[in-house]
2 protein chains.
Amino acid sequence: MSIQSAILGILSWKSSTGYELKKIFEDSSFMYWSGNNNQIYKALMNMEEESLVTSEVVHQTNSPSKKIYSITEEGLLELKKWLMSSPEAPEIKKTFLVQLAWSDLLSNQQLSEMLSNYENEIKLQLMMQNEKNRRALHSPNRSARESLIWDMISANIISTYNNELIWIRETRQKLLENEVGEETDNERPN
Amino acid sequence: MSIQSAILGILSWKSSTGYELKKIFEDSSFMYWSGNNNQIYKALMNMEEESLVTSEVVHQTNSPSKKIYSITEEGLLELKKWLMSSPEAPEIKKTFLVQLAWSDLLSNQQLSEMLSNYENEIKLQLMMQNEKNRRALHSPNRSARESLIWDMISANIISTYNNELIWIRETRQKLLENEVGEETDNERPN
DNA sequence: CGTAGCATGTAAAACGTTACATGATTAA
DNA sequence: TTAATCATGTAACGTTTTACATGCTACG
């Protein structure tokens, strides 16, 4: 899936400039593109050539001119087509699991530190997500169904981090129990 | 983080050829690189130049010659350094959430279909993960601690998909309740 | 007087995937 | 005889990130 579908989605909701789209991508937790100029401006140009969007230049006195992009009938059709295409499984990259895989090379203390660092990182992410949700943009003319949908998207992200937090706590607990077992072994005479 | 650290990790465990590494990446659920030739062979060559690994060519009669790579002292040091670097938050891309975001454009029936398709996809992923875990490679000379670590890595992946499954069921339920509410509204005289 | 915001775009580098190329052996 | 496994490598292409380039306004 490309950034084009996401842009069509945003434009279906509200006509925007490239600059505005960029900020939306930066602020969104689930529209995962970094929102760099290169991707957005190029995508908009391509989509204009394909007649999925149209643009209108607006001259301003106190700021540089801007190009407001709007979705076309054709673009809306393309968006709906994509919405009904078969959903993909999430793509998840947890670098921490790769680190953990070889962490038997570390001492108990180093491992313990590593785990608590990850727990703190996840806690931080959770807080940031909660903050983002509170200040999230609310779409105009929202139906009850659309509100529900957006609430469930937020709930998904929060529950993902919560699940990770539960897991890391469990992992720390189990590794601690294991350590205690080892000490007992050492104290026991052979 | 690059594929190099993951390769160092595998080599710390067991000397391998590029071909073997490729298969390990393909089979692993948490070492998320696709395991294509280009990445692996190039990384190995770079790492040999940096003296992180050494290679030994072994000629075989019934198969083509192979290059067995081993980790060096320097490589092991580099690996340990990486293990103790601060852990990153997971990188999660859920295309489905982007689709869901604009799905108010769909009819109740289409939306419902979309949700159940996603539920099936996640169920499939869960089954595949369980299958992978059953046939997973078990490392030689494993300490109790290392076994525990690997068990927790598997548990992480399973719980991630399970969490997604719980969420999609909840979401379907809530959207269904919402539909019922709407029908009642329609039946009610204005 | 420097920094941040508004606003659009391009260039270069890094990273990733797919496909190409070769060639022997083995199992269906 | 066709496909799969073993085994290493390169070329072409596609995507993503980072940096460059411009220039005005507003705020501290």
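Computation of the quantities below employed the complete heavy-atom set of this structure, encompassing side-chain atoms and omitting hydrogens, waters and symmetry-equivalent molecules. Chain A is the first sequence line, chain B the second, and so forth, proteins listed ahead of strands; every chain is numbered from 1.
Under 4.0 angstrom from either OP1 or OP2 of C:dT10 there lies no side-chain N or O belonging to A:Asn37. Put simply, B:Ser65 has no side-chain N or O that comes within less than 4.0 Å of OP1 or OP2 on D:dT8. Proximity of A:Gln39 to the phosphate of D:dT17: a side-chain N or O atom is located under 4.0 Å from OP1 or OP2. Contact between the side-chain N/O atoms of B:Gln60 and the OP1/OP2 oxygens of D:dC6 is not found at any separation under 4.0 Å.
Salt bridge A:Lys94/B:Glu88: absent, no basic N to carboxylate O contact under 4.0 Å. Between A:Glu131 and A:Arg134 a salt bridge is recorded (basic side-chain N to carboxylate O distance below 4.0 Å). Of the charged side-chain nitrogens involved, at least one lies within less than 4.0 Å of a carboxylate oxygen, so that A:Lys93 and A:Glu91 count as a salt-bridged pair. Ion pairing between a basic and an acidic side chain is recognised when a charged N comes within 4.0 Å of a carboxylate O; A:Glu177 and A:Lys174 show no such pairing.
Counting only heavy atoms from C-beta on, A:Met45 has its side chain closest to C:dT10 among C:dT10, D:dT5, D:dT17. The side chain of A:Tyr41 has C:dT8 as its nearest neighbour among D:dT8, C:dT8, D:dT25. For A:Tyr19, counting side-chain heavy atoms from C-beta on, the closest listed nucleotide (D:dT8, C:dA7, D:dC6) is C:dA7.
In this structure, A:Asn62 places its CG atom 18 Å from P of D:dG23, rounding to the nearest Å. Rounded to a whole Å, the CG atom of A:Asp27 is 14 Å from the C1' atom of C:dG5. Distance A:Glu26 CD to D:dT18 P: 12 Å, rounded to the nearest Å. Put simply, CD1 on B:Ile3 is 12 Å from P on C:dC15, counting in whole angstrom units. To the nearest angstrom, P of D:dT8 lies 12 Å from CD of B:Glu48. Between the CZ atom of B:Phe25 and the C1' atom of C:dG16 there is a distance of 14 Å, given to the nearest Å. One atom, CG of B:Leu21, and another, P of D:dA7, lie 12 Å apart when rounded to the nearest Å. For the pair A:Ile40 CD1 and D:dT17 C1', the interatomic distance rounds to 13 Å; values are reported in whole Å.
Along DNA chain D, the nucleotide nearest to A:Ser63 and the one nearest to B:Glu20 differ in position, and the one closer to the 5' end is contacted by B:Glu20. Along DNA chain C, the nucleotide nearest to B:Lys42 and the one nearest to A:Lys22 differ in position, and the one closer to the 5' end is contacted by A:Lys22. Residues A:Pro64 and A:Ser34 each lie close to DNA chain D; by heavy-atom proximity, the contact nearer the 5' end of the strand is made by A:Ser34.
Ring geometry for A:Trp150 versus A:Trp13: interplanar angle under 30°, hence parallel rather than tilted (30 to 60°).
Using a 4.0 Å heavy-atom criterion, one finds that A:Asn36 contacts the bases of the nucleic acid, with or without backbone contacts as well.
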